[in-house]
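See structure below.
Computation of the quantities below employed the complete heavy-atom set of this structure, encompassing side-chain atoms and omitting hydrogens, waters and symmetry-equivalent molecules. Convention: sequence-line order gives letters A, B, ...; per-chain numbering from 1.
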Protein chains: 2
Amino acid sequence: MAAGETRSLIVAAADRLFYERGYEATSFADIAEDVGLSRGNFYYHFRTKDEILEAVIGRRMENTRALLERWEQDSEAPAERILRFVDILIANRSKIMEHGCPVGTLCTELAKLDHAAQNDAAELFTLFRDWLARQFSGLGRAADADALALHLLMRSQGVAALATAFRDENFIRREVADMEAWLLAQCPAATAPRSN
Amino acid sequence: MAAGETRSLIVAAADRLFYERGYEATSFADIAEDVGLSRGNFYYHFRTKDEILEAVIGRRMENTRALLERWEQDSEAPAERILRFVDILIANRSKIMEHGCPVGTLCTELAKLDHAAQNDAAELFTLFRDWLARQFSGLGRAADADALALHLLMRSQGVAALATAFRDENFIRREVADMEAWLLAQCPAATAPRSN
DNA sequence: GTCTATATGGGGATAGAC
DNA sequence: GTCTATCCCCATATAGAC
C-alpha cells in the first residue's frame, strides 16, 4: 500500500481512538491493531506519539474547515448557519454522552499534560470562534460578535460536559432549545431576513 | 505516624495531583514522592489505584458538602447563595485556566476510560445540582428548579472548558457577569427579598 | 513498506527485612 | 508502619530481515 494511504488510515484511527479513549490512554498498539499493522511497521510512518497527535490535529483542522464551509454554502442566512452549529449537539448526542466534545476534551487533556501541542489544539476552537463571530457580524452584531461567539461555544461545551456526566438526552434537547431561543433574542429579525 | 494520618496525606496529595495532571497521568510514584513515602510503604495504605480514586472522590464529596453547608449558613437569601456558587469561577480562575474544573474534568476522563467509578464521580455534580435546585425552589421556581440548576452547572462547565483552552480571564469575568444577570432575570425580586 | 524480534523504561503491584 | 528489593507487564521506540 502507498505510504500516504497507510498514513491516512493511521491518522483516521488515531483521531477516533484519541477521542473515544483519550490521548494518553491510547497506545501505539491500539492504533496499529485498529489499522491492521504491526507495531514495527507503525514506526515507519510515525516516529513519536507527538507526531501522530500533530497529524490528528491537522486532520481535524482540515475537516473542521470543510464542515464550516459546507454550512456556509448550505445556508445564506447567518442565523440559519449558526443553527447548524447548535444542532451538532443533537446530531452527535450519543458520542457526546459517551466521550464528550472532541475539541474540548482534547484541549483539557493536553492542558493537564502541559503538552506542547495544547495551543495547536485550541486552534480548533478558534476556527469555530471566528466562523461564529463572522455569522454574528452578519446578523448586525459586529460590535460584540466575538463575545457572542464565545458565549455560544461556552454553552456547547457546558452541555457536552454535563451530558457526559449525567447521560441525559433530554437535558441536551432542552438546552439546545434554550440556545435557539437565545439566538433569536440576539436578533429578532433573524428568522425573517427577507420580509419584503 | 498513625496510619489514618498518613492515609489522609496520601488522599490529599492524590486529590491535588489527579486534578492537576489527570488520574491516568498520575503514578503511584508521583503521589508517594509528594507525600514523602517510599513506594513500598505506599501499598500498605492503598492496594490499588482504584482504591485511591474512591478515597479521593469520597474526600471531595465531604469537602463539597461542607462547602455547600457553609454557603447556606453564610447567606439567608437563595439568590445570594447561588451567587456564591457562580463566584467560584472568579475565585479559582487561575487553577481553572490551568486545569479546568476538578469535577468536570474527572468525570470526562473517567468516561473515556470507561472506569467503574464514573458514576461516583458524577455524584459530585449531583451535590451541586440538588443544592442549586433547592435554592431555585426557594426563589419560587420549584416547578423548573432542577432545569435551572442544570443550566447554571452547564454554564460553569462551559466557562471552565473555554477558559482552559483560551486562558482568557476577561472571558471568565464577562460570562460570570452574564450569569449574574441571568440569575436576576429568573426572579426580579431576588435582590430585594425583604422590601417591606 | 511490512514484518519479527528486541531493547529500554516506567507503571502497578508484591515479598519480606527492619 | 516503613523500608529495599524485586517481579511482571505494557508502553515507547529501534534494528534488521524480507
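The phosphate of D/dT2 (OP1 or OP2) has a side-chain N or O of B/T6 nearer than 4.0 angstrom. Within the structure, a side-chain polar atom (N or O) of B/N41 is placed less than 4.0 Å from OP1 or OP2 of D/dC3.
Using a 4.0 Å cut-off between charged nitrogen and carboxylate oxygen, A/E169 and A/R173 count as a salt-bridge pair.
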(message) Please determine whether side chain to side chain donor-acceptor pair (under 3.5 Å) holds for the pair A/Q118 and B/R167, giving the CA-CA distance in whole Å, both sets of side-chain angles, and the decisive distance to 0.1 Å.
(response) CA-CA 11 Å; A/Q118 58 186 300; B/R167 315 248 164 171; 2.8 Å; yes
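The ring pair (Phe, Tyr, Trp, His ring centres under 6.0 Å) check on B/Y23 picks up B/F18, B/H115, with sequence neighbours excluded. By the side chain to side chain donor-acceptor pair (under 3.5 Å) test, B/W71 pairs with no residue at all, sequence neighbours left out.
Protein atom CD1 of B/I52 is 12 Å distant from nucleotide atom C1' of C/dG11, rounded to whole Å. Atom CD1 of B/I31 and atom P of C/dG12 are 8 Å apart (whole Å). The separation between A/E5 atom CD and C/dG1 atom P is 11 Å, rounded to whole Å. C/dA15 atom C1' lies 18 Å from atom CZ of B/F42, rounded to whole Å. Here the C1' atom of nucleotide C/dT14 and the CZ atom of B/F46 are 18 Å apart, to the nearest Å. Between A/R39 atom CZ and D/dG16 atom P there is a gap of 19 Å when expressed in whole angstrom units. One can place NZ of B/K49 at 14 Å from C1' of D/dC10, the figure rounded to the nearest angstrom. Rounded to an integer number of Å, the gap from CZ of A/R7 to P of C/dT2 is 14 Å.
Listed nucleotides D/dA13, C/dA13, D/dC3 differ in distance to B/L37; the shortest reach to its side chain belongs to D/dC3. Considering only side-chain atoms of A/Y44, the nucleotide from D/dT14, C/dG1, D/dG1 that sits closest is C/dG1. Taking only side-chain atoms of A/R47, from C-beta outward, the nucleotide of D/dT2, D/dT14, C/dA13 with the closest atom is D/dT14.
In the helix from C/dG1-D/dC18 to C/dC18-D/dG1, the rotation axis of the first five pairs and that of the last five pairs differ in direction by 0°, rounded to 10 degrees.
Applying the 6.0 Å contact sphere to CD of A/E180 captures more than 12 heavy atoms from other residues, nucleotides or ligands.
Looking at heavy-atom distances under 4.0 Å, B/S27 makes contact with sugar-phosphate atoms alone, never a base. Among the atoms of the strands shown, base atoms are found under 4.0 Å from some heavy atom of B/Y43.
For the pair A/E24 and B/G40, nearest-nucleotide mapping onto DNA chain D gives the more 5' position to B/G40.
The one candidate from B/W131, B/F128, B/F136 that meets the ring-ring contact (aromatic ring centres under 6.0 Å, His included) condition with B/F85 is B/F128.
Ring to ring, A/Y43 and A/F28 are close: their centroids are under 6.0 angstrom apart.
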